[in-house]
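I have placed the structure first, in the form of structure tokens, so that the comments after it can refer back to it.
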Amino acid sequence: MTAESAQSRYNPRDAESRWQAEWDDRGIFRTPADALTKPSAPGQPAPKKYYVLEMFPYPSGRIHMGHVRNYTMGDVVARFMRARGHAVLHPMGWDAFGMPAENAAIERKVHPKAWTYDNIAAMKKQLQSMGLSLDWSREVATCDPAYYKHQQRMFLDFMREGLVEREQRKVNWDPVDMTVLANEQVIDGRGWRSGATVEQREMAQWVFKITRYSQELLEALDTLERWPEKVRLMQKNWIGRSEGLLVRFALDPKTAPAGESELEIFTTRHDTLFGAKFMAIAPDHPLAQSAAKKDAKLAAFIAECKRMGTAQAEIDTAEKMGYDTGIRALHPFDASWQLPVYVANFILMDYGTGAIFGCPAHDQRDLDFVNKYGLGNVPVVCPPGQDAASFVITDTAFDGDGLMINSHFLDGMTIEAAKEEVAKRLETATRGNAPVGARQVNYRLRDWGISRQRYWGCPIPVIHCEACGVVPVPAKDLPVVLPEDVTFDKPGNPLDRHPSWKNVTCPQCGKGARRETDTMDTFVDSSWYFARFTDPWNADAPTTRETVDAWLPVDQYIGGIEHAILHLLYSRFFTRAMKATGHAGLDEPFAGLFTQGMVVHETYQKPNGEWVTPAEVTLDEAGGARTAKLAATGEPIKIGGIEKMSKSKKNTIDPDDIMGTYGADVARWFMLSDSPPERDVEWTERGVQGSARFTQRLWRLVGEMADIAEQAPAARPDSFSEPALALRKAAHGALAKITEAIEKLHFNVAVAHLYELANALGSAIARPAGTPDFAWAVKEAADTLVKLFNPMMPHLAEECWTVLGRRTLVATEPWPVLEPALLQEDTITLPVQINGKKRADVTVSRDAKNPEIEAAVLNLDAVRKALEGKSPKKVIVVPQRIVNVVA
RNA sequence: GCGGGCGUGGCGGAACUGGUAGACGCGCCGGACUUAGAAUCCGGUGACGCAAGUCUUGGGGGUUCGAGUCCCUCCGCCCGCACCA
């Protein structure tokens with residue numbers, strides 16, 4: 001490479017670290033504590049706030065491409081909004097508690113704390129090399145006692161408010177490791193480390209009363225206009241409001257266990273009561289428990305059910321199994337009609353009353369069940385157009401609309417009317433002084449179990465005293481700090497077997513007591529970090545009311561779709577709980593939500609099936625066919641499917657490698673190109689190279705434009721020649737489109753318009769007019785170009801800004817101002833369709849009236865030819881859009 | 001199983017509120033420059049057809065002057081399911 005060509009190339013390695021240092025030295029991304037109260041200029045009002053937040057990462061050790069994509073998007077928004085004059089808050093922190101740290105401790109004998117902080121240091125360095133406009137002065141780590149002490153305080157405040165309770169919950173128990181397992185640690189019913197068969201076990205757990213807000217969380221979804229519709233729908237289904245009926249079935253005394261006389265069920269299909277074939281109760285239903293006392297086989301069946309994990313998907317897909325208890329329930333409308341009571345593995349104690357009546361004809365699970373146990377079915381809803389007498393159900397339940405049949409007094413009614421009639425009759429019928437039926441609104445949402453029997457989490461600040469019961473840790477004793485001298489060589493929770501930590505005196509009676517050894521679910525940590533960022537310096541309280549209320553809600557929250565339900569719903573609850581306890585003044589934490597897609601990559605395999613990393617593979621695309629071989633040996637490699645980047649398939653790309661080779665700007669640019677941000681993006685070497693070429697092209701283009709711009713007069717010319725005007729139109733057209741695209745977070749569209757602008761400017765300066773007005777237009781266009789790509793490629797933009805002779809930082813420059821007059825054309829060209837197919841164009845003046853347009857269209861050769869002298873049936877003129885002639 | 005989503009050239013994708021399908025990029029083909037390569041620049045590129053033209057947004061059907069977009073149905077792929085974060 002000659003000295004000359006070295007000079008003409010942009011060198012990201014040199015430029016990026018230089019500009020990062022410059023930004024840092026000037027502190028331009030720090031949001032001062034008084035940002036929202038201090039006037040932006042003397043006499044001016046304080047700027048409007050804009051809070052942009054990306055989901056903070058778990059410090060796993062290295063950032064991955066998903067992070068690069070997520071944080072690039074947030075950074076584009078942050079830089080864009082700053083340029084538009086907002087006071088921007090754009091912080092970063094660490095979701096630092098969690099199981100991987102404990103796994104590392106067990107597997108590699110490193111302390112969770114040391115492992116976590118090493119990872120944070122490494123990842124912070126990586127994030128900093130991306131050139132993100134973050135305010136690092138607000139950095140928080142959830143494992144820092146300075147953070148979790150406030151969380152413990154809020155736990156106690158919630159407790160006082162009645163938002164915390166103890167509840168018996170089922171967990172996955174590993175009898176060998178003596179520990180509770182996460183669903184992901186249960187593989188085919190066995191513990192991942194021990195291989196022991198996992199069983200369900202009831203344990204007392206701390207829960208947050210999220211169900212108190214079920215209705216509110218549901219209704220408020222309608223107000224979240226800047227959330228994706230699909231996320232709102234998923235939350236709505238998760239909350240699962242249903243209106244139904246509680247029905248008390250009497251039990252045949254001859255068959256019922258001593259002391260049991262009735263079975264209460266919840267149903268939303270009370271219209272199908274005459275199609276009932278059986279009753280089913282959960283294995284842990286009290287009636288099942290009491291029946292099992294005298295029935296060893298039933299007890300064994302219940303024990304068998306407990307050998308199933310607690311994951312919903314597993315419960316639903318397991319084979320439907322039941323056990324006839326011998327108990328008979330009496331139909332509420334016909335006491336002579338007896339229904340067998342089964343214990344069934346697919347009935348959940350957590351939902352409704354833990355008991356149902358089965359109507360097989362109209363529920364697939366019930367139908368599968370009766371078909372297995374030979375109980376038969378009777379259809380009671382007949383689809384429209386179907387003959388009631390011949391309507392039979394065999395393998396497929398009918399859950400559609402129709403009219404009631406085989407249902408006595410309900411026959412001929414709609415489902416809705418039948419529900420109403422049944423509810424009315426059962427509400428007024430009484431047994432033992434109480435109504436047989438009662439309408440009830442039920443929610444699928446369960447209270448949030450936050451107890452974890454693990455070390456690396458926020459300690460739950462309560463003390464168990466034999467005399468006083470559960471006693472909150474007094475505020476003065478917070479934080480309850482995790483002890484550091486713990487070992488991971490034995491099974492179970494290190495906190496539980498720590499020699500001294502859990503032994504304390506009761507704050508109330510002073511006698512010996514025991515600390516709670518459960519720690520909090522890490523979702524608690526991430527349910528309020530966005531609030532903490534508004535004043536992370538407050539050592540006395542979780543938030544500073546004035547500040548948190550000024551900054552929240554987050555204007556734009558960006559993260560993965562995998563958090564669509566749990567993290568976002570818990571945060572919505574937590575914000576309400578903070579409001580109830582005076583820590584914040586609003587209900588909804590995130591005004592705008594964006595969920596990004598994954599980063600995916602091709603997979604590669606040796607003939608023996610062994611996965612190979614992209615770095616080890618050489619690709620060849622000569623002759624249109626793509627083949628691959630192992631770079632080291634030339635061994636042929638099979639090119640596999642495009643899948644989510646994962647360690648197991650070895651199809652990961654290390655962001656450090658990319659940034660080292662091409663620079664951060666190229667990585668950022670490519671992450672935004674091509675794929676719409678909500679969809680998956682495929683990482684390809686070719687694509688990255690294309691991005692890298694474009695950075696060089698921009699660099700050359702700006703350099704050439706700078707040469708012309710030097711001739712520009714200081715004052716704006718009064719008039720512009722044709723080439724200058726064309727240039728200005730291109731620049732302002734791009735400005736309008738790119739502004740709109742970024743506002744809508746359509747980054748790939750913004751990127752496409754930047755390519756177009758670069759193409760247009762390249763062509764324009766290839767034929768320079770050589771006049772002062774042209775030079776002025778080139779200068780304007782160059783400024784605009786650099787400002788427009790600055791949010792995506794900020795380092796290159798700073799470097800270009802210098803080339804344009806500027807001394808300021810483009811990072812602190814305002815967004816270009818649009819001149820709308822430049823976008824107005826005097827004439828418009830409308831496509832002309834004949835019978836819906838495009839056949840010609842017609843050019844008319846911008847404000848031509850429909851009759852004029854129609855006349856011009858009918859005069860076109862193509863139209864005359866198509867009409868063959870006849871008059872058209874119809875001419876449709878859509879203003880500013882299209883003309884359609886119906887022949 | 002339940003819930004949610006996605007499907008457009010060789011590839012990633014664009015297309016406002018039902019109005020010119022294929023913007024932009026990648027790849028490929030041809031050309032220029034070069035001793036050669038890299039880089040760069042110019043032109044072409046949905047399919048079929050010599051052409052006029054016809055067909056084309058996962059398959060099938062429908063509504064409409066007009067459908068990638070709305071409705072029905074089928075197929076394929078992906079995500080979440082309460083202790084991964």
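Protein chains get the first letters and strands the later ones, always in sequence-line order, with residue 1 at the start of each.
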**Message:** Using ring centroids (six-membered ring only for Trp), state whether A:Trp669 and A:Tyr755 fall under 6.0 Å.
**Reply:** yes
**Asked** Rounded to whole angstroms, how far apart are CG on A:Asp316 and P on B:G3?
**Response** 10 Å
**Prompt:** Which nucleotide in the list B:U40, B:G7, B:C41 gets nearest to the side chain of A:Arg697?
**Reply:** B:C41
**Request:** Measure the distance from CD on A:Gln364 to P on B:G1 and round it to the nearest whole Å.
**Result:** 9 Å
**Asked** Between A:Arg700 and A:Glu704, does at least one N-O distance fall below 4.0 Å, as a salt bridge requires?
**Response** no
**Item:** Proximal nucleotide (of B:G13, B:C83, B:A15) relative to the A:Asn748 side chain
**Value:** B:G13
**Request:** Report the distance from atom CG of A:Asp399 to atom P of B:G1, rounded to the nearest whole Å.
**Result:** 14 Å
**Prompt:** Across the strands shown, which category fits A:Gly98 at heavy-atom distances under 4.0 angstrom: base, sugar-phosphate, nothing?
**Reply:** sugar-phosphate
**Asked** Just how far, in rounded Å, is P of B:C84 from NE2 of A:His563?
**Response** 12 Å
**Prompt:** Within the pair A:Arg679 and B:A14, is there a side-chain N or O less than 4.0 Å away from OP1 or OP2?
**Reply:** yes
**Message:** Distance check, rounded to the nearest 0.5 Å: A:Tyr557 atom OH versus A:His567 atom NE2?
**Reply:** 2.5 Å
**Request:** Return no unless some side-chain N or O of A:Arg693 is found under 4.0 Å from OP1 or OP2 of B:G27.
**Result:** yes
**Request:** Measure from CE on A:Met520 to P on B:A85 and round the result to the nearest Å.
**Result:** 15 Å
**Asked** Any idea which of B:U20, B:A85, B:C83 is nearest the A:Asn172 side chain?
**Response** B:C83
**Prompt:** Can a side chain N or O of A:Arg881 be found less than 4.0 Å away from OP1 or OP2 on B:G19?
**Reply:** yes
**Complete:** Classified by glycosidic angle (syn within 90° of 0, else anti), B:G9 comes out syn
**Message:** Measuring centre to centre across the rings, with the benzene-like ring taken for any Trp, is A:Phe670 within less than 6.0 Å of A:Tyr662?
**Reply:** no
**Complete:** Among the nucleotides B:A14, B:A85, B:G19, whichever has the atom closest to the side chain of A:Thr522 is B:A85
**Asked** Between B:C81, B:U40, B:A14, which nucleotide gets closest to the side-chain atoms of A:Gln312?
**Response** B:C81
**Item:** Counter-base of B:U45, judged by Watson-Crick or G-U geometry with both distances under 3.5 Å
**Value:** B:G27
